[in-house]
Amino acid sequence: AQSVAQPEDQVNVAEGNPLTVKCTYSVSGNPYLFWYVQYPNRGLQFLLKYITGDNLVKGSYGFEAEFNKSQTSFHLKKPSALVSDSALYFCAVRDINFNKFYFGSGTKLNVKP
Amino acid sequence: SAVISQKPSRDICQRGTSLTIQCQVDSQVTMMFWYRQQPGQSLTLIATANQGSEATYESGFVIDKFPISRPNLTFSTLTVSNMSPEDSSIYLCSVKSGNQPQHFGDGTRLSIL
């Protein structure tokens with residue numbers, strides 16, 4: 001079965017510093033991996049995805065994610081955090097056989113001025 | 001990406017009553033999904049809404065409790081029936097077409113008294 005794990009409930013970082021939000025996955029076959037962000041009182045917004053190709057994927061709002069097959073990880077990164085990046089972040093994997101998405105437990109990112 | 005309108009955005013209901021949530025998309029989409037999200041937590045897939053046929057429900061969710069309609073490729077409804085306080089949650093509509101990522105509405109925040 002497909003699954004993703006986000007080991008950190010919360011990540012705190014100072015504005016201007018680099019940030020990393022961790023995600024590990026377990027899939028059968030090739031992984032289709034995604035990152036979404038959720039701001040208060042909003043639905044999830046798509047940030048980026050990895051299907052195939054370069055291991056470093058660039059997405060919206062300056063975010064990027066690195067796919068590491070040997071470590072089965074897909075960590076979300078940003079070189080310089082903004083206070084406005086504070087939100088709830090979800091990693092997800094797509095099961096192409098059943099066309100379903102499985103979401104991680106979410107990581108709350110707090111960026112302090 | 002598709003623009004998804006979900007109504008109502010929030011509601012407070014009495015136990016024992018039912019509420020129907022609407023999801024309207026501005027373009028035809030292949031797949032529509034309904035999720036439940038406890039505040040600050042991850043998403044749980046309720047069902048896949050199928051056009052012109054019965055929805056496909058996930059384990060733990062049944063049609064009598066969560067009837068779903070999808071009369072066409074741009075519209076779906078989810079009804080939460082005979083509500084109890086345990087049904088207090090955020091209900092999210094999402095859509096997907098082809099190789100596009102899944103996109104979400106802003107959700108319906110439901111409280112049961």
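In what follows, chains carry the letters A, B, and so on, assigned in the order in which the sequence lines appear, proteins first and then strands, with residues in each chain numbered from 1.
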Is there a path from [X] to [Y] through hydrophobic residues (I, L, V, M, F, W, Y) whose side chains come within less than 4.5 Å of each other?
X        : Y       : value
A:Phe103 : B:Val95 : no
B:Trp34  : B:Leu45 : no
B:Leu78  : B:Val25 : no
B:Val80  : B:Ile68 : yes
B:Phe66  : B:Phe75 : no

[X] versus [Y], closest heavy-atom pair with distance:
X        : Y        : result
A:Phe46  : B:His103 : CB-CE1, 4.3 Å
A:Ser105 : B:Ser42  : CA-CB, 3.7 Å
A:Phe90  : B:Gln37  : CZ-NE2, 3.5 Å
B:Pro101 : A:Phe34  : CB-CE2, 4.1 Å

Tell me, side chain or backbone of [X] under 4.5 Å from chain B's heavy atoms, or both, or neither?
X        : result
A:Tyr36  : side chain
A:Asn41  : both
A:Phe101 : both
A:Leu88  : side chain
A:Gln38  : side chain
A:Lys100 : side chain

Inspect the surroundings of [atom1] in [X] and state if more than 12 heavy atoms from other residues, nucleotides or ligands are less than 6.0 Å away.
X       : atom1 : answer
B:Asn72 : CG    : yes
A:Asn55 : CG    : yes
B:Ile12 : CD1   : no

- request: Write out all pairs satisfying disulfide bond (SG atoms under 2.5 Å apart) with one or both partners inside residues 35-86 of chain B, taking only residues at least two apart or from two chains.
  value: none
message: Treating B:Asp106 as the side-chain partner and A:Arg42 as the backbone partner, does any N or O pair qualify as donor plus acceptor under 3.5 Å?
response: no
query: Do A:Ile51 and B:Asn99 come within less than 4.5 Å of each other through their side chains, counting heavy atoms only?
result: no
- prompt: Does a side-chain heavy-atom distance below 4.5 Å link B:Gln100 with A:Lys49?
  reply: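 Answer no - side chains too far apart.
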- prompt: Side chain, backbone, both or neither: which part of B:Gln41 has a heavy atom under 4.5 Å from chain A?
  reply: backbone
